[in-house]
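Throughout, a chain's letter reflects where its sequence line sits, starting with A, and its residues are numbered from 1. What you see is a predicted model; the values in this text were computed from it and never measured. Because only heavy atoms are used, hydrogens play no part in the values below, and waters and symmetry mates are left out as well, while side chains stay in.
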Amino acid sequence: MKVVLPDSSELELPDGASGLDAARAIGPKLAEQAVLVRANGSVRDLRLPLEDGAEIQILTTRDTGDEDALWVLRHSTAHLLAEAVMRLHPGVKIAIGPPIADGFYYDFEFPAPITESDLEAIEEEIRREIAEGRTWEREELSREDALARFEAEGQPYKVELAREAEGEISLYTQGDFTDLCRGPHLQDAKPIKAVKLTGLAGAYWRGDERNTQLTRIYGTAFYSQADLDAHLARLEEARARDHRRLGTQLDLFHLSDHSPGSPFWHPKGMVLWNALEDLRRRENRRRGYLEVKTPLLYDLQTYKTSGHYENYEENMFFVRAHEGEEPMALKPMNCPGHMLLFGSQLRSYRDLPLRYAESSTLHRDERGGTLHGLLRVKHITQDDAHVFVTEDQIQGEIDAMIDFVRYLYDRFGVTPRAELSTRPEKRLGTDEQWDRAEGALEEALKRHGMEYVISPGEGTFYGPKIDLHMTDVLGRSWQMGTIQLDYQMPVQFGLTYMGPDNREHSPVVIHRALLGSLERFLGILVEHYGGEFPFWLAPVQARVLPVGESHREATGALQQRLFAEGFRVDVDERDETVGKRIREAELEKVPFVLVYGDRESDDALAVRERGAGQSTLSYDALLARFRELAAEGDPEA
RNA sequence: GCCGGAGUAGCUCAGCUGGUAGAGCAGCCGCCUUGUAAGCGGCAGGCCGUGGGUUCGAGUCCCGCCUCCGGCUCCA
């Protein structure tokens, strides 16, 4: 048989030759350093036979940055972890231990609880294993033999996995530890030069909270200590961009025990907030939305009608003004209010599409342990809207919304990931309706060139949806905007419009929040910019520094003139050195610093621009520059 | 809700095995009169999250609760 090497040359091998055989045929050094073979683009254990004609690439310990090479290294390290844990904690039951982004984990059921302080000893044990030397042997066996083996070892999770495994069952053994595993794995443990156990957490067996909670140990591994150090340094840098840290540092907002999950917005944070609100309001108006405002409190009947009382009660707040009265519910969503508003008057098909927009406050009582800075709050403000349409109008309306999405996210230079969720098993409406609805959503995504993934069966019972996701600085994914088709709620509220046929019809409603929650969007934005907001967003756009006391009059006047032009400019005339005041302006990430002393005049201002160094500009040139930068917030203006 | 960790001055953090609470920055008051990333000195600032317990004595040990952090689960 033949295989094709990366340089397109062909290598002749005996039939049934493995990746390792191929490496040996090329050279002993390569065989020694080989960790993995990539055959026709997918990773394959070195020990497995290659297919005739396959294009192969041998990955070695020198491919330290290759994702697949790291993946196999970490997977093998996970097995060393399990071996170490079994030695140190006899009687432990092992579950699964895959590589993940940036590392690996292994889930265990410990006979007695462990804490983080136990990790050090386990990490030591792993290092000892590596120093002692470990090689991985692969074997294949029948399901019966595998079951018998894990039953004999008292490993119920492995028994369960073996029972469900498809195809041949393979085992990997290193030292005296054998694991049910598809592989691939390293040949031996020598290439594992840096290991670090990074955390301990509870995790439910198979991710289902009705199951036993196991103990998950997280870790990471690299081909060199330098790579591990670089990784830790990257994490540290990411932490510096964390919106919770920047929120305090830049005086944008704070969170308090007095109202968990509800941000206190400081004046500077409020500038960002209002910029988003302005953007929302301006674009809604341009695109035919009508702004409305509906109550915060509703009787229980409203939510019984909408279905929230039945399905969402545990996330809702209820209030009662006086003992003995029926409680009222604080709204967790705007839709019921908008339904009532639609139903308050007779509607004609000529009124549709009718687009109600609202960004009032919502309250959702999130489950304990899930709050997270601005990204998961109880006090939620969405750029919400409900669009009432006829079936014929769905396509055009969805299309316009996707266009709107692009416009909004482009303002900040970010690209959300789109997810199309299609019909679930339990659903309302006809298959024909679902075909049309899903088709409308997918077509709009395609037409606007948005990349998306499909989540089959993940739609709501009342309609399919498009969700937009973004990733935070810790690598977690958050849902931002959402566009949901709903055939159901208008029916529940008995909403109708008069058609051209002089008969009553039910409208379809499209729920949509494009930025999603403003709190969450701002949190993501703070991290995206690392606090260095573009000029049009920056809470303080420029700071004027008088060199000495005698310049205060001039700097005050300069600040006033720029302020009158609509710019956010302040003056730092504290009795501190210029160097110190510049340092603080830099730490606050103020885009422009204007130092003003004896040498400055309207013809020559000393301008220090964030990221661009110093220059000398006339007042008029500076003003022109400011106007140009401010226009980035609204290019159509 | 679950697993693990934490809560000390406005902020960042120190306080070992129990013995009367500390630093830097910020603040305030002086001095300096300031030219592109920290000038100098002084002062003030703490129900050590909260309720209980152990102890002669608790920031420190034990229990409950609240909140936060890292995960899991959840997320119309």
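Contact annotation for A/Asp257: backbone-only contact, meaning every heavy-atom pair under 4.0 Å involves sugar-phosphate atoms and none involves a base. Nucleic acid contact for A/Ala201: base, since at least one base atom lies under 4.0 Å from a heavy atom of the residue. Counting non-hydrogen atoms under 4.0 angstrom, A/Leu255 reaches nothing in the nucleic acid. Among the protein residues, A/Arg476 comes within range of the sugar-phosphate backbone only, with heavy atoms under 4.0 Å from sugar or phosphate atoms but none that close to a base. Nucleic acid contact for A/Leu474: sugar-phosphate only, since backbone atoms but no base atoms lie under 4.0 Å from a heavy atom of the residue. Base engagement by A/Asp598 is indicated by at least one non-hydrogen atom pair under 4.0 Å involving a base atom. Residue-level contact check: A/Val595 touches the bases, meaning some heavy atom is under 4.0 Å from a base atom. Residue A/Ala585 is out of contact with every strand shown, counting any heavy-atom pair closer than 4.0 Å. A/Leu214 comes within 4.0 angstrom of no nucleic acid atom, judged by non-hydrogen atoms across all strands. Using a 4.0 Å heavy-atom criterion, one finds that A/Gln614 contacts the bases of the nucleic acid, with or without backbone contacts as well. Within 4.0 Å of A/Arg367, counting heavy atoms only, lies at least one base atom of the nucleic acid.
Among B/G5, B/U36, B/U73, the nucleotide with an atom closest to any side-chain atom of A/Val578 is B/U36. Nearest nucleotide to the side chain of A/Glu549, out of B/G4, B/C11, B/U33: B/U33. The nucleotide whose nearest atom lies closest to any side-chain atom of A/Pro260 is, among B/C68, B/A26, B/G1, B/C68. Listed nucleotides B/A37, B/G35, B/U73 differ in distance to A/Tyr204; the shortest reach to its side chain belongs to B/U73.
Annotation: B/C68 and B/A26 have their C1' atoms spaced 23 Å apart (nearest Å). Atom C1' of B/C3 sits at a distance of 16 Å from the matching atom of B/C74, rounded to the whole Å. Rounded to whole Å, the separation between the C1' atoms of B/C13 and B/U8 comes to 9 Å. Distance check on atom C1': B/C48 versus B/G22 gives 12 Å, rounded to whole Å. Rounded to whole Å, the separation between the P atoms of B/G49 and B/C31 comes to 40 Å. A distance of about 39 Å separates the C1' atoms of B/G57 and B/G41, rounded to the whole Å. Across the P atoms, B/G27 and B/C63 are found 42 Å apart, a figure rounded to whole Å. Here, B/G64 and B/C72 have their C1' atoms 25 Å apart, quoted to the whole Å.
Taking the six-membered ring for Trp and thresholds of 30 and 60 degrees, A/Phe108 and A/Tyr106 have nearly parallel ring planes, at less than 30 degrees apart. Taking the six-membered ring where tryptophan is involved, the planes of A/His338 and A/Tyr356 are perpendicular, since the angle between them exceeds 60° and thus also 30°. Using bins of under 30°, 30° to 60° and over 60° for the plane-to-plane angle, the ring pair A/His231/A/Phe222 lands in the tilted bin. Relative ring orientation between A/Phe253 and A/Trp265 is described as tilted, the plane-to-plane angle lying within the 30° to 60° band. Classification of the A/Phe626-A/Phe535 ring pair by plane angle, with boundaries at 30° and 60°, yields tilted.
One atom, CZ of A/Arg583, and another, C1' of B/G39, lie 14 Å apart when rounded to the nearest Å. As a whole-Å value, the separation of A/His551 NE2 from B/U36 P is 14 Å. In this structure, the CG atom of A/Asp572 is 17 Å from the P atom of B/U34, given to the nearest Å. Distance, A/His266 NE2 to B/C11 C1': 12 Å, rounded to whole Å. We find that CD1 of A/Ile582 is positioned 7 Å from P of B/U36, with the value rounded to whole Å.
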Can you run through RNA chain B from 5' to 3' and write each base as (, ), [, ], | or . depending on how it pairs? Watson-Crick or G-U wobble, both distances under 3.5 Å. (((((((..((((.....[..)))).(((((.......))))).....(((((..]....))))))))))))....

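Comment: A/Arg610 does not engage A/Glu586 in a salt bridge, judged by the lack of any side-chain N to carboxylate O separation of less than 4.0 angstrom. A/Arg206 and A/Glu160 are joined by a salt bridge, as a carboxylate oxygen and a charged side-chain nitrogen come within less than 4.0 angstrom of each other. A/Lys331 has a carboxylate O that lies under 4.0 Å from a charged side-chain N of A/Glu358, or vice versa, which qualifies the two as a salt bridge.
At a cut-off of 3.5 angstrom, counting only N and O atoms as typed in the model, there is a donor on one side and an acceptor on the other between the side-chain of A/Asp575 and the base of B/U34. The base of B/G4 lies outside donor-acceptor range of the side chain of A/Tyr218, with no N or O pair under 3.5 Å. The base of B/G35 is paired with the side chain of A/Glu600 by a donor and an acceptor separated by under 3.5 Å. Taking only distance into account, the side chain of A/Arg376 meets the base of B/C74 through a donor-acceptor pair shorter than 3.5 Å.
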Check against salt bridge (Lys or Arg N to Asp or Glu O under 4.0 Å), A/Lys268 and A/Glu588: CA-CA 11 Å; A/Lys268 285 177 184 158; A/Glu588 283 178 50; 3.5 Å; yes

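Checked against a 6.0 Å centroid threshold, the rings of A/Tyr462 and A/His511 count as neighbours.
Residue A/Arg244 has a polar side-chain atom (N or O) positioned under 4.0 Å from OP1 or OP2 of B/G70. Listed pair A/Arg574 / B/G27 meets the phosphate criterion, a side-chain N or O lying under 4.0 Å from OP1 or OP2. Checking the phosphate oxygens (OP1, OP2) of B/G35, no side-chain nitrogen or oxygen of A/Lys580 falls inside 4.0 Å. Of the side-chain N and O atoms in A/His372, one or more sit less than 4.0 angstrom from OP1 or OP2 of B/G70.
The number of heavy atoms from other shown groups lying within 6.0 Å of NZ (A/Lys304) is above 12.
In terms of position along RNA chain B, the nucleotide closest to A/Gly548 lies nearer the 5' end than the nucleotide closest to the other residue of the pair A/Gly548 and A/Gly579. Both A/Glu314 and A/Thr577 lie close to RNA chain B; mapped to their nearest nucleotides by heavy-atom distance, the more 5′-ward contact belongs to A/Thr577.
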